[in-house]
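These notes are about the structure you will find just below.
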Amino acid sequence: MNHNLLDIKGIKVGHAENTHGKTGVTVIIAENGAVCGVDVRGAAPGTRETDLLNPINSMEKVNAVVLSGGSAFGLEASCGVMQYLEEKGIGFDVGVTKVPIIPAAVLYDLENGDVFCRPNQEMGRKACENATDKILLEGDVGAGCGATVGKLRGTLGWCNSGIGSWAETTENGITVGSLIAVNAFGDILEKGTIIAGTKDEDGNFLDTAKGIIRYASTLSFSGKNTTIGVIATNVKLTKAQAAKVAGMAHDGLARCISPVHTTMDGDTLFCLSTGEIELPTAPVDLVGIMAAKVTEEAVLRGVKAAKPF
């Protein structure tokens, strides 16, 4: 067992990044397709194809999910993923070709490197070429390359962050995994203690939630953050059930990010179901509870794996 998202059979993950520009792309590929739901909680999201995931709409499965830096510019990386998967014959069969179904979400990292270096089609294709079901790198790679946390003072006093993953499996073979790129406005807490976040002039952690009140009249906040990620499970779910699991997974963010789901974040989580195991009762509750747990752990791992400034 890898104890990460690759524990879900049929899932591959690939990263590509520009370390000078401090931005990158992570692609999660389900070559055989996976049912997908989404839950957007932050008020400043940057996304693609999320309307398609509404349970009332017809498309049931996706072929990949793209997580990217570069703010809205980073959505271009999905086009490279589209081209790559079409060339591999992966996608929805429309007769004349196969159309890859690829939802995506982006995070804001433009102030952490070269503002004009953004994830593009080439970087999206490179992430696909790097995709594997053997090894999953964590830290400041892929979509986590330019991630930071603790933006109460803007670029002053923030901490480096990254992308992290964790998965757990029950005795009867139910697996739930999470892959999260952590780029939060707020602080990251482990067991109630801040381990990354906004620092004051002396290098000590400020409590961002309390600091908003303290600095409200002197600082100008804006939507330059966002934590994005993917939950995956081998349990069979409908689109509506997958959306509910994605929503429950946000509880994992709330346990370790403070504040979370603000107007300055675009927090977005997808849930993929490969359908390997069918449960007779309560699949949503079981998977959702596990999803929150592995999401919290993935956030902590992403922050800890990142190189300090």
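Quick note: residue numbers are just sequence positions, from 1. Any value given below was found using the heavy atoms of this structure, including those in side chains, with hydrogens, waters and symmetry copies removed.
A chain of hydrophobic side-chain contacts below 4.5 Å, direct or via other Ile, Leu, Val, Met, Phe, Trp or Tyr residues, connects Ile101 to Ile11. Hydrophobic cluster membership is shared by Val230 and Val141, with clusters built from Ile, Leu, Val, Met, Phe, Trp and Tyr side chains linked at under 4.5 angstrom. Residue Val235 is not grouped with residue Met1 when hydrophobic side chains (ILVMFWY) are merged at heavy-atom distances under 4.5 angstrom, including chains of intermediate members. Both Leu136 and Val25 are assigned to one and the same hydrophobic cluster, defined by single-linkage of ILVMFWY side chains at heavy-atom distances under 4.5 Å. Linking ILVMFWY residues whenever their side-chain heavy atoms come closer than 4.5 Å, directly or via other members, leaves Leu269 and Phe185 in distinct clusters.
Here the side chain of Lys199 pairs no donor or acceptor atom with the backbone of Trp158 at under 3.5 angstrom. Side-chain atoms of Asn234 come within 3.5 Å of backbone N or O of Thr175 as a donor-acceptor pair. The backbone N or O of Asn54 lies less than 3.5 Å from a partner atom in the side chain of Lys239, making a donor-acceptor pair. Counting only distance, with no hydrogens or angles, the side chain of Thr268 and the backbone of Val40 share no donor-acceptor pair below 3.5 Å. Judged by distance alone, the side chain of Asp251 and the main-chain N or O of Gly288 form no donor-acceptor pair under 3.5 Å. In this structure a side-chain-to-backbone donor-acceptor pair under 3.5 Å is present from Asp7 to Asn2. In this structure, the side chain of Ser165 does not engage the main chain of Asn4 through any donor-acceptor pair within 3.5 Å. A distance-only check finds no donor-acceptor pair linking the side chain of Asp109 to the backbone of Cys145 [under 3.5 Å]. Under the 3.5 Å distance criterion, the side-chain polar atoms of Asn112 are left unmatched by any main-chain donor or acceptor of Lys22. Without hydrogens or angle criteria, Asn183 side chain to Asn225 main chain gives a donor-acceptor distance under 3.5 Å.
Taking 4.5 Å as the limit, every side-chain heavy atom of Val27 sits out of range of all side-chain heavy atoms of Ile102. With contacts defined as side-chain heavy-atom distances shorter than 4.5 Å, the pair Arg48/Val66 does not qualify. The shortest distance between side-chain heavy atoms of Arg255 and Val299 does not fall below 4.5 Å. Between Val62 and Phe270 there is no side-chain heavy-atom pair separated by less than 4.5 Å. Contact annotation: the side chain of Met264 never approaches that of Lys151 to less than 4.5 Å [non-hydrogen atoms, C-beta and beyond]. Residues Gln241 and Pro283 form a side-chain contact, since some pair of their non-hydrogen atoms from C-beta on lies under 4.5 Å apart. For the pair Ser71/Tyr108, a side-chain contact is recorded, criterion being any heavy-atom separation below 4.5 Å from C-beta on. Looking at heavy atoms from C-beta onward, Ser178 lies in side-chain contact with Ile231 at the 4.5 angstrom threshold.
Residue Gly46 comes nearest to Leu75 through the heavy atom pair O-CD2, 4.5 Å, listed as atom of the first residue, atom of the second, then distance. Closest approach of Ile174 and Met290 over heavy atoms only: O-CE, 3.9 Å. Minimum heavy-atom separation, Gly24 to Pro119: O-CG, 3.6 Å. Between Val81 and Gly124, the closest heavy-atom pair is CG2-O, 3.7 Å. Minimum heavy-atom separation, Gly197 to Phe205: N-CE2, 3.4 Å. Nearest heavy atom pair, residue Pro103 against residue Ala64, reads CD-O, 3.2 Å.
Arg125 has a carboxylate O that lies under 4.0 Å from a charged side-chain N of Glu87, or vice versa, which qualifies the two as a salt bridge. Taking 4.0 Å as the cut-off between side-chain N and carboxylate O, Glu76 and Arg118 do not count as a salt-bridged pair.
Atom-to-atom distance recorded for Leu253:CG and Ile188:CD1 is 9.0 Å, nearest 0.5 angstrom. Rounded to the nearest 0.5 Å, atoms OG1 (Thr227) and CD1 (Ile180) are 8.0 Å apart. Separation of atoms CD (Glu17) and NZ (Lys126) is listed at 10.0 Å; rounding is to 0.5 Å. Remark: Thr198 OG1 to Asn204 CG distance equals 12.5 Å, nearest 0.5 Å. Interatomic distance, Ile195 CD1 to Cys256 SG, rounded to the nearest 0.5 Å: 8.0 Å. Annotation: the span from Leu85 atom CG to Cys128 atom SG amounts to 5.0 Å, rounded to 0.5 Å.
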Taking it one step at a time, do Lys224 and Glu111 satisfy salt bridge (Lys or Arg N to Asp or Glu O under 4.0 Å)?
-> CA-CA 9 Å; Lys224 298 179 179 179; Glu111 294 177 74; 3.4 Å; yes

Take Thr97 and Glu86, measure what side chain to side chain contact (heavy atoms under 4.5 Å, CB included) needs, and give me the verdict at the end.
-> CA-CA 8 Å; Thr97 189; Glu86 182 188 22; 2.8 Å; yes

Criterion side chain to side chain contact (heavy atoms under 4.5 Å, CB included) on Ile135 and Leu137, from CA distance to verdict = CA-CA 6 Å; Ile135 299 174; Leu137 299 178; 4.1 Å; yes

Take Ile163 and Leu179, measure what side chain to side chain contact (heavy atoms under 4.5 Å, CB included) needs, and give me the verdict at the end.
-> CA-CA 7 Å; Ile163 192 168; Leu179 178 68; 3.9 Å; yes

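Annotation: Glu122, atom CD; neighbour count of heavy atoms from other residues, nucleotides and ligands within 6.0 Å does not exceed 12. A 6.0 Å sphere centred on CG of Asn32 holds no more than 12 heavy atoms belonging to other residues, nucleotides or ligands.
Identified under the salt bridge (Lys or Arg N to Asp or Glu O under 4.0 Å) test for residues 30-44, with sequence neighbours left out: Lys12-Glu31, Asp39-Arg41. Pairs engaging residues 298-309 under the side-chain hydrogen bond (donor to acceptor under 3.5 Å, both in side chains) rule: Glu138-Arg301, Glu190-Lys304 [sequence neighbours left out].
None of Val287, Ile277, Val35, Leu272 except one satisfies the side chain to side chain contact (heavy atoms under 4.5 Å, CB included) rule with Thr233; the exception is Val287.
Annotation: ring pair (Phe, Tyr, Trp, His ring centres under 6.0 Å) contacts of His250 (sequence neighbours excluded): His261.
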